[in-house]
Structures are given as C-alpha cells and as structure tokens.
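We count residues from 1, following the sequence as given.
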Amino acid sequence: MPATSRHTRSNATQLLLFEAVMTIATRIPLDLQSKSIRLNGAKGLAVALNTKKIVSTSNLESNSIRHNGAQALADALKINSTLTTLDWQSNSIEDNEAKALAEALKTNSTVSILKLENNWIMYVGAQALAEALKSNSTLTTLNLQANLIKDSGAQALGEALKTNSTLTTLNLERNKIRDHGTQALAEALKTNSTLTTLNLQVNFIKDNGAQALGEALKTNSTLTTLELGYNSIGDDGAQALSEALKTNSTLMTLGLQVNSFKHSAAQALAEALKTNTALTTLNLSHTSIGDDGAQALAEALKTNSSLTTLDLGYESIGDDGAQALSEALKSNSTLTILNLRTNSIRQDGAQALAAALKTNSTLTTLNLKNNSIGHDGAQALAEALKTNSTLTILNLRANSIGDDGAQALSEALMANLTLTTLILQTNAITDTGAQALAEALKTNSALTTLSLKDNEIWYKGFLAFSEALNTNSNLSTLDLQINWIENEIVLAWSDPLKTNSTLTTLDLKNDLIEDSRAQALSEPLRTNSTLTTLNLGYNSIGDDGAQALAEALVTNSTLDTLYLWGNFITDNGCHALSKALKTNSTLATLDLQNNSVGDEGAQALAEALKTNSTLTTLDLMNNSIGDLGAHALGEALKSNSTLASLYLWSNSIGDNGAQVLFEALKSNSTLTTLDLQSNAITDNGAQGLAEALKINSTLTTLYLMSNSIGDGGAQALAQALKINSTLTTLNLRTNSIGYEGAHALAEALKTNSTLTSLYLMSNSIGIHGAQLLSEALTTNLTLTTFELQNNSIGDKGAQVHSEALETNLTLTTLYVWRNSIGP
C-alpha cells in the first residue's frame with residue numbers, strides 16, 4: 001500500500017472521530033496520545049475545537065502534527081473557550097510552530113497547562129512564547145523540558161517573568177542553559193511574585209549562575225521548589241545558595257544532586273539550616289561531602305524544625321558521619337526520610353543509628369543499601385525496631401547481615417507493628433535466617449513487601465515461607481529469586497496460594513524448579529484471585545510444567561505477567577500456551593526467551609495472536625525459530641491489534657522469514673518495538689524492511705545488531721529514514737556497513753527529524769565514512785546518542801566529530817572508543 005494511501009486512511013479515521021466529538025454536548029478530555037496524527041488529523045481536531053467548544057483537555061503527545069497541523073490547532077485556540085490543558089510533547093514542534101502557538105496564547109483565555117517537552121524549540125520559539133507570557137493571563141504551567149532554548153531563550157523567558165502574573169511552574173530541564181541564561185532567570189525572580197516551581201536540572205549551570213539564583217532567593221517570596229541537580233555547581237555556588245537560605249522563608253525543595261561541591265559546601269548549607277524554617281526537602285546525593293559534611297549537617301538537624309527529607313546517597317560517609325547523624329535524630333522531630341545508600345557505614349554507624357531509632361518518633365524511611373553494617377549492625381537495628389513505632393521502610397540490601405542479622409530482624413517483626421517494607425536482598429541469608437523470618441510472618445500484621453532475592457535459601461527456608469503464607473494476611477510481595485529451592489518444596493506452596501488473598505507478586509526465578517513441581521504450583525493458580533506477577537525464569541519446568549500453567553491460565557483472571565525464560569519448553573508446551581491465550585483475557589506479558597520453541601511452537605503462538613486481545617509483550621529470543629515460524633508470526637501481526645513489543649533476537653529467521661514480518665509492518669498499527677538481532681538478515685532483507693518503514697507509522701525501536709547487512713541494506717534503510725517519521729532508535733551494530741552505507745545514512749540524517757539513537761558500533765565505516773556522518777551532525781536536530789566505536793575512524797574521524805559537536809545542538813552521547821585514536 002502506498003504511504004499516501006495509508007496516511008489518508010488513517011487521517012480519515014481521525015476526521016470521523018473529530019466529527020463525533022462535535023456531536024457531544026458536554027465537556028470532555030480528549031486523549032489522542034501516540035495515534036500517528038498528522039496534518040489532516042490535526043486539522044480535523046482544529047475544526048472540532050472551533051465548531052463545538054466542549055474539549056477541556058487535549059493530549060496529543062507523541063504524534064507528528066508539525067507545522068501546518070500545529071498552525072491549524074493554534075488558530076483554533078484563538079477561538080476556543082474551553083480547552084484548559086494542551087499536551088504537545090514529542091511532536092517535532094519547531095520554532096515556527098511554537099510561534100503560531102504563542103500568537104494564539106496572546107488572546108486565548110482558558111489554557112492553563114501547556115506541555116511542550118521533547119520538541120525542537122530553540123531561541124526563536126522560546127522568544128515567541130516569552131512574548132505571549134507578557135500578555136497571557138491564564139497559563140500556570142509551561143513545560144519546555146528537553147528542547148534547545150539555551151541561554152538566549154532563557155533570557156527571553158526571564159524578561160517575560162518580570163511582568164507575567166500567572167505562571168506558577170516552569171520546567172526548563174535539559175535545555176543547555178548556562179550561567180547567562182540562569183542569571184536572567186534569577187533577575188526575574190527578584191520581582192516575579194507567582195512562580196513557585198523552577199526546574200533547571202541537567203543544564204550547564206556553574207557557580208556564577210548559582211550565585212545569581214542565591215541573590216534572587218534573598219528577596220523572592222514565592223518560589224517553593226528549585227531543582228538544580230546534574231549541573232556543575234561548585235563550592236562558591238553552593239555557599240551563595242546557603243546564604244540565601246538564611247533569610248528566604250518560602251523555598252521548600254532544593255535539589256543539588258550530582259554537582260561539583262564538597263564538604264565545605266555542606267558546611268555552609270548546614271549553617272543555613274540552623275536558622276531556615278521553610279526547607280523540607282534537600283537532595284545532596286553524589287556530591288562527595290564525606291564525614292565532615294555529614295557531621296555539619298547533623299549538627300544543623302539538632303535544631304532545624306522543617307526538613308523532612310534528606311538524601312545523602314553516594315557521599316563516602318562512614319561511621320563518623322553516621323554517628324553524628326544518629327545523635328541528631330535523637331532530638332530532631334521533623335525528618336521522615338533519610339537516604340544513606342551506597343556509603344561506607346559499618347557496624348558502629350549502624351549501632352548508632354539504631355540507638356537513635358529507639359527514641360526518634362518521626363523517621364519513616366531509612367535506606368542503608370550497599371553499606372557494610374554486618375550482622376552486628378542488623379542486630380542493633382532489630383533491637384530498635386521492637387520499640388520504634390514510626391519506621392515503615394527499611395532497606396538493608398547488600399550489607400552482609402547473614403543469618404544472625406536475619407534472626408534478629410525476625411524477632412523484631414514479631415513485636416513491630418509499623419514496618420511495611422523490608423529489603424534484605426544479597427545478604428548471605430540461608431535456611432536458618434529464612435525460617436526465622438517466616439515464623440515472624442505468621443504473627444506479623446504490618447509487613448507487605450519482603451525481598452530476599454539473591455541469598456542462599458534452600459528447602460527448609462522455602463517450606464517455612466509456604467507455611468507462613470497459610471496464615472499471613474498482609475504480605476503482597478515476596479521476592480525469593482536466585483535462591484536454591486528444591487522440587488519437593490514446591491508442593492508445599494499449593495495450599496497457601498489457594499487460600500492466601502494478599503500476595504500479588506511471587507518471584508521464584510533461578511530456583512531449580514522442575515516440571516512436576518511446576519504442575520503443583522499451577523494448580524492453585526486456577527482459582528487464585530490476587531497474584532498478578534509470577535516469575536519462574538531459569539528453572540527446568542519443561543513442557544509438562546508449561547502445559548500445567550497453560551491450563552491454569554484458562555480460568556485464572558488476575559495474572560498479567562508470566563516469566564518462563566530458560567525452562568526447556570518446546571513446541572509442545574507452546575501449543576498448550578497458545579490454547580490458553582485464545583481464551584485468557586488478562587495476560588499482558590509472556591517471556592519465553594531461551595527455550596526451544598522452534599518453528600512449530602512459534603506457529604502455535606502466532607495462531608493465538610490472531611484472536612488474543614490482551615498480550616502486549618512477547619519475548620521469543622533464542623528459540624531456534626526459522627523462516628516458517630517468522631512467517632506465521634508475520635501473518636498474525638497483520639490482524640493482531642494489541643502486541644506492542646516482539647523480541648526475536650538470536651533465532652534463524654533469515655531473509656525469507658524477515659520479509660513476511662516486514663510485509664506485516666505495512667499494515668500493523670500497534671507494534672512499537674521489534675528486535676531481530678542475530679538472525680542472518682542480509683541486504684535483501686534490509687531492503688524489504690526499508691520498504692515497510694516508508695509506510696509504517698508506529699514502530700519506534702528497531703534492533704538489527706549482528707546480522708549481515710552491508711552497504712546495500714544500509715542504503716535502503718537510509719532512503720526509508722528520509723520518509724519515516726516515527727522511528728527513534730535504530731541499532732545496526734556488528735554488521736558489514738562501509739563507506740557507501742555510511743554515506744547514505746549521513747544523507748538521511750540531514751533530513752530525518754525523529755531518529756534520536758543510532759548505533760553503528762563494529763562496522764567498517766572508516767575515516768571517510770566518519771567524515772560524512774560528522775557533516776550530517778552539524779545540521780541534524782534530533783540525534784542524541786550516536787555510537788561509532790570500533791570502526792577504524794582514526795584521529796581524523798575523531799577530529800571531525802569533535803568539530804561537529806561545536807555546532808550540533810542535540811547530541812549528548814558520542815561513543816568513539818576502540819578506533820585507533822591518539823598515540
């Protein structure tokens with residue numbers, strides 16, 4: 001079917017929808033996210049907005065409305081008097097479209113929320129929106145995250161904020177704003193009296209910008225949230241913000257994670273916290289404040305009466321810092337969340353924290369993941385839990401607490417009435433510790449989530465948990481994956497699953513379960529009405545186990561996710577699962593990777609896909625599927641209307657099988673991800689795929705790694721990229737693409753406006769191919785990730801890419817290692 005014919009049919013359907021909208025007499029939200037809406041569809045919606053002013057919310061996220069469609073919608077906004085929320089995220093909106101929208105905002109009096117995240121708006125578009133803000137009196141939220149407004153755009157918006165009196169939230173995350181743009185925004189904050197939230201995360205702000213913001217905060221009396229994470233703010237900038245906090249009385253949330261300051265900045269912030277009475281959330285993770293910084297903050301917490309959340313993850317804090325924080329917790333009466341993950345806290349630090357928990361009455365969450373508290377530290381914390389009545393979440397993952405620590409915690413659970421989540425993953429707990437925890441579950445009435453993943457639990461531990469589930473009435477998630485269950489013990493799980501009415505997630509991955517025991521596990525699934533996720537990956541259930549589970553799926557009405565990877569399931573098991581999928585109406589994800597499905601099994605599953613209306617993800621990676629199986633799946637895709645992700649990595653599909661799949665893409669309108677890595681696809685197959693991509697309007701992610709695609713295939717795909725407007729990720733790693741293929745791809749990048757990630761690692765692109773690709777990068781406005789490692793591009797190739805980065809506005813990640821660069 002020609003591309004124009006398909007798009008006409010799609011837009012005709014959309015026009016019918018909008019005609020229906022015009023007959024409705026009440027206000028409605030209109031959600032058209034990811035519906036492949038183009039020009040005619042956008043015009044149809046514009047007509048509806050003009051004729052029948054009843055739509056209150058318009059969600060057009062992830063479509064392709066572009067210039068003329070955006071212009072029509074903008075014109076409609078000048079007349080429409082009901083629309084309050086407009087979502088144009090991920091719509092390839094450029095400056096001209098932003099200008100049209102801005103013009104409409106000058107007269108529109110209803111739109112209060114405008115979402116323009118992840119578009120291509122630069123200075124001109126930002127300037128137009130800024131001009132609109134000077135006269136608009138209704139917009140309260142403007143989201144420009146992930147655009148390219150840079151300093152000039154930020155300066156224009158800053159000027160607008162000086163007079164605007166309605167905007168309360170401005171999101172400028174990921175816009176390449178530097179100090180000059182930040183200084184302009186800061187200047188505006190000195191007089192603006194309405195903005196409450198300003199998000200400047202992931203920009204290029206340094207000390208000068210932070211100092212300007214600090215100066216503004218001294219007089220600003222409305223801003224409550226300031227996000228400055230993932231910038232390059234050093235000690236001077238942090239100290240300036242600290243000085244502002246001493247007098248500011250409105251800022252409640254300050255995000256400074258992943259910046260470049262150290263303990264002296266923490267000391268300055270701590271001084272501010274001693275007098276500040278407004279800040280409730282402070283994020284300092286990944287800033288290397290160490291023990292000195294932690295001690296300073298702890299001293300401040302003794303008198304501070306407003307802070308409720310403190311994130312000190314990844315800070316190199318040891319026992320000294322933990323002990324100081326513990327002393328503060330004994331008198332502090334406001335902190336509810338303390339994050340100390342991935343530090344260097346050992347037994348002494350944990351014991352100090354435990355002592356604080358015995359008297360502290362406000363802390364609800366304590367995260368000690370990836371420290372080294374050991375069994376002594378766990379025992380101390382357990383003792384505290386016996387009397388503590390506020391802590392609800394305790395994360396002790398990867399702390400080497402062993403059985404002694406687990407036993408101590410189990411005793412605490414028998415008395416504790418408030419802890420709801422306990423994370424004990426990767427702690428060398430064996431049956432002894434598991435039995436103790438299971439015994440506690442028989443009487444505990446508060447715990448809802450228990451994670452024991454990646455421990456050393458065997459038969460007795462699993463048996464103990466099965467017995468506990470017979471009486472426990474509150475646990476909803478039990479994670480026991482990567483332990484050592486034995487076959488006989490699975491039988492004991494049958495009765496608990498029949499009677500338990502709270503468990504929703506059961507993870508038994510990599511637990512040595514064989515077929516007969518899977519049958520016993522499947523029996524209660526027929527009547528169980530709570531379990532939604534079951535993970536049996538990397539066991540040995542075989543066909544008999546798969547058949548038993550399939551029979552359970554026929555009557556089960558709650559399970560939506562089933563992981564069966566690596567279980568020796570062949571076509572016989574697939575026939576049973578296929579039969580179940582024809583009637584089951586809840587399963588959304590079926591993972592069968594690393595089995596022995598083969599062509600016959602794939603054919604059986606394909607037959608089910610023709611009528612199944614719930615499955616959205618099917619993973620058949622590494623299953624010896626050839627062209628016959630692929631042919632069947634391709635035929636199924638022509639009629640299936642729900643499957644969104646299909647993974648066929650590492651099979652033997654070849655060109656013939658791939659051609660049928662690609663033919664299906666011409667009519668399929670739901671598949672967004674297709675994985676065909678390692679399938680012996682050559683240039684012929686790639687050419688068939690290219691023809692499909694010229695028509696398909698839904699596929700966003702395509703994996704073709706480790707095939708046999710050469711220059712001819714790359715050239716065909718490049719031609720498709722000039723037309724296709726939905727594909728965002730293309731993986732061509734480890735093929736045989738040389739100069740000619742690189743040349744074609746480079747030409748495509750000059751006009752393509754949707755591709756964000758291109759992976760070309762381990763091809764044969766060479767220096768001259770790299771030069772052509774670098775030239776394309778100077779004008780391309782969408783690519784954010786580009787991979788060229790192991791392509792023999794040499795110093796010259798690296799140099800031209802470095803030069804391209806000086807003018808490229810979007811690329812954030814460039815891989816060029818293993819290319820013989822440098823001496």
Minimum heavy-atom distance between A240 and A210, given as atom pair plus value = CB-O, 4.4 Å
What distance do N472 atom CG and E467 atom CD have between them, rounded to the nearest 0.5 Å?
-> 13.5 Å
From CG (L366) to CD1 (I337), nearest 0.5 Å | 11.0 Å
When you measure from the side chain of D560 to the backbone N and O of L587, does any donor-acceptor pair fall under 3.5 Å?
-> no
Please list all pairs passing the side chain to side chain donor-acceptor pair (under 3.5 Å) test where one or both residues lie in residues 425-440, with sequence neighbours left out.
-> D403-T430, T426-D454, E439-K442
Mind checking side-chain contact (heavy atoms from CB on, under 4.5 Å) for S249 and listing every partner two or more places apart, or none if nothing turns up?
-> none
Contacts of type side chain to side chain donor-acceptor pair (under 3.5 Å), residue D619, not counting sequence neighbours | Q593
To the nearest 0.5 Å, atom CD of E411 lies from atom CG of L385 at 12.0 Å
Please report the shortest heavy-atom distance between S585 and T614, naming the atom on each side.
-> O-CG2, 3.1 Å
Y563 meets the ring pair (Phe, Tyr, Trp, His ring centres under 6.0 Å) criterion, sequence neighbours left out, with W565
For S306, check side-chain contact (heavy atoms from CB on, under 4.5 Å) against everything at least two apart and list the hits.
-> N276, N304
G290 backbone acceptor or donor facing D292 side chain under 3.5 Å = no
Exercise: identify the closest heavy-atom pair between A265 and S242 = O-OG, 4.2 Å
Take D507 and L478 through the side chain to side chain contact (heavy atoms under 4.5 Å, CB included) test and state the conclusion after the steps.
-> CA-CA 7 Å; D507 196 331; L478 179 59; over 6 Å; no
Is the backbone N or O of R346 less than 3.5 Å from a side-chain atom of S372, with the two atoms forming a donor-acceptor pair by type?
-> no
Just jot down the side chain to side chain donor-acceptor pair (under 3.5 Å) partners of D675, sequence neighbours excluded, or say none.
-> Q677
Donor-acceptor contact present, side-chain N455 to main-chain L424, <3.5 Å = yes
Check each of N370, I345, L310 against L340 using the side chain to side chain contact (heavy atoms under 4.5 Å, CB included) test, and report the only one that passes.
-> I345
Please round to the nearest 0.5 Å and tell me the distance separating atom CG of N371 and atom CG of L396.
-> 9.5 Å
With sequence neighbours excluded, tell me which residues meet ring pair (Phe, Tyr, Trp, His ring centres under 6.0 Å) with Y230.
-> none
Which atom pair, heavy atoms only, marks the closest approach of T287 to V258?
-> CG2-N, 3.9 Å
To the nearest 0.5 Å, atom CD of Q481 lies from atom CG of L536 at 11.0 Å
Check whether any side-chain heavy atom of S344 sits under 4.5 Å from a side-chain heavy atom of I317, and report yes or no.
-> no
Donor-acceptor contact present, side-chain N231 to main-chain I233, <3.5 Å = no
Is the backbone of T617 close enough, under 3.5 Å, to the side chain of S645 for a donor and an acceptor to pair up by distance?
-> no
Can you check whether G313's main-chain N or O pairs, donor with acceptor, with N339's side chain at less than 3.5 Å?
-> no
Drop me the distance from S316's OG to H263's NE2, to the nearest 0.5 angstrom.
-> 11.5 Å
Walk me through it: do L413 and L419 pass the test side chain to side chain contact (heavy atoms under 4.5 Å, CB included)?
-> CA-CA 8 Å; L413 289 177; L419 199 71; 4.1 Å; yes
From CA spacing to verdict: side chain to side chain contact (heavy atoms under 4.5 Å, CB included), L245, L254 | CA-CA 10 Å; L245 289 177; L254 179 59; 4.1 Å; yes
Heavy-atom side-chain proximity of E551 to R526 below 4.5 angstrom | yes
Do T303 and T275 come within less than 4.5 Å of each other through their side chains, counting heavy atoms only?
-> no
Note: G461 and A434 closest approach over all heavy atoms is CA-CB, 3.8 Å
Check for a donor-acceptor pair, side chain of N283 on one end and backbone N or O of Q257 on the other, with a separation under 3.5 Å.
-> no
Residues passing the side chain to side chain donor-acceptor pair (under 3.5 Å) test with Q351, sequence neighbours excluded, are none
How would you list, by chain and number, every residue that makes a side-chain contact (heavy atoms from CB on, under 4.5 Å) with N594, sequence neighbours excluded?
-> Y538, M621, N622
What residues, two or more places apart in sequence or in another chain, satisfy ring pair (Phe, Tyr, Trp, His ring centres under 6.0 Å) together with H375?
-> none
Trace of the side chain to side chain contact (heavy atoms under 4.5 Å, CB included) decision for T586 with L553 | CA-CA 9 Å; T586 55; L553 288 176; over 6 Å; no
By salt bridge (Lys or Arg N to Asp or Glu O under 4.0 Å), which residues pair with E227, not counting sequence neighbours?
-> none
Would you mind reporting whether L282 and L307 have side-chain heavy atoms less than 4.5 Å apart?
-> yes
Please name the pair of heavy atoms, one in F261 and one in A238, separated by the smallest distance, quoted to 0.1 Å.
-> CD2-CB, 3.8 Å
Taking T308 for its side chain and T280 for its backbone only, find out whether a donor-acceptor pair lies under 3.5 Å.
-> yes
Does the side chain of L450 reach to within under 4.5 Å of the side chain of L475, using non-hydrogen atoms?
-> yes
Are the side chains of T504 and L531 in touch, meaning some heavy atoms are under 4.5 Å apart?
-> no
Please tell me if the side chains of I423 and T421 come closer than 4.5 Å, counting only heavy atoms from C-beta onward.
-> yes
Name all residues meeting the salt bridge (Lys or Arg N to Asp or Glu O under 4.0 Å) criterion together with R341; count only those two or more places apart in sequence or in a different chain, and write none if there are none.
-> D311
Check whether any side-chain heavy atom of L577 sits under 4.5 Å from a side-chain heavy atom of L592, and report yes or no.
-> yes
Is there a donor-acceptor pair closer than 3.5 Å between any side-chain N or O of T561 and the backbone N or O of T589?
-> no
Can you tell which of L217, L256, N248, T253 makes a side chain to side chain contact (heavy atoms under 4.5 Å, CB included) with L226?
-> L217
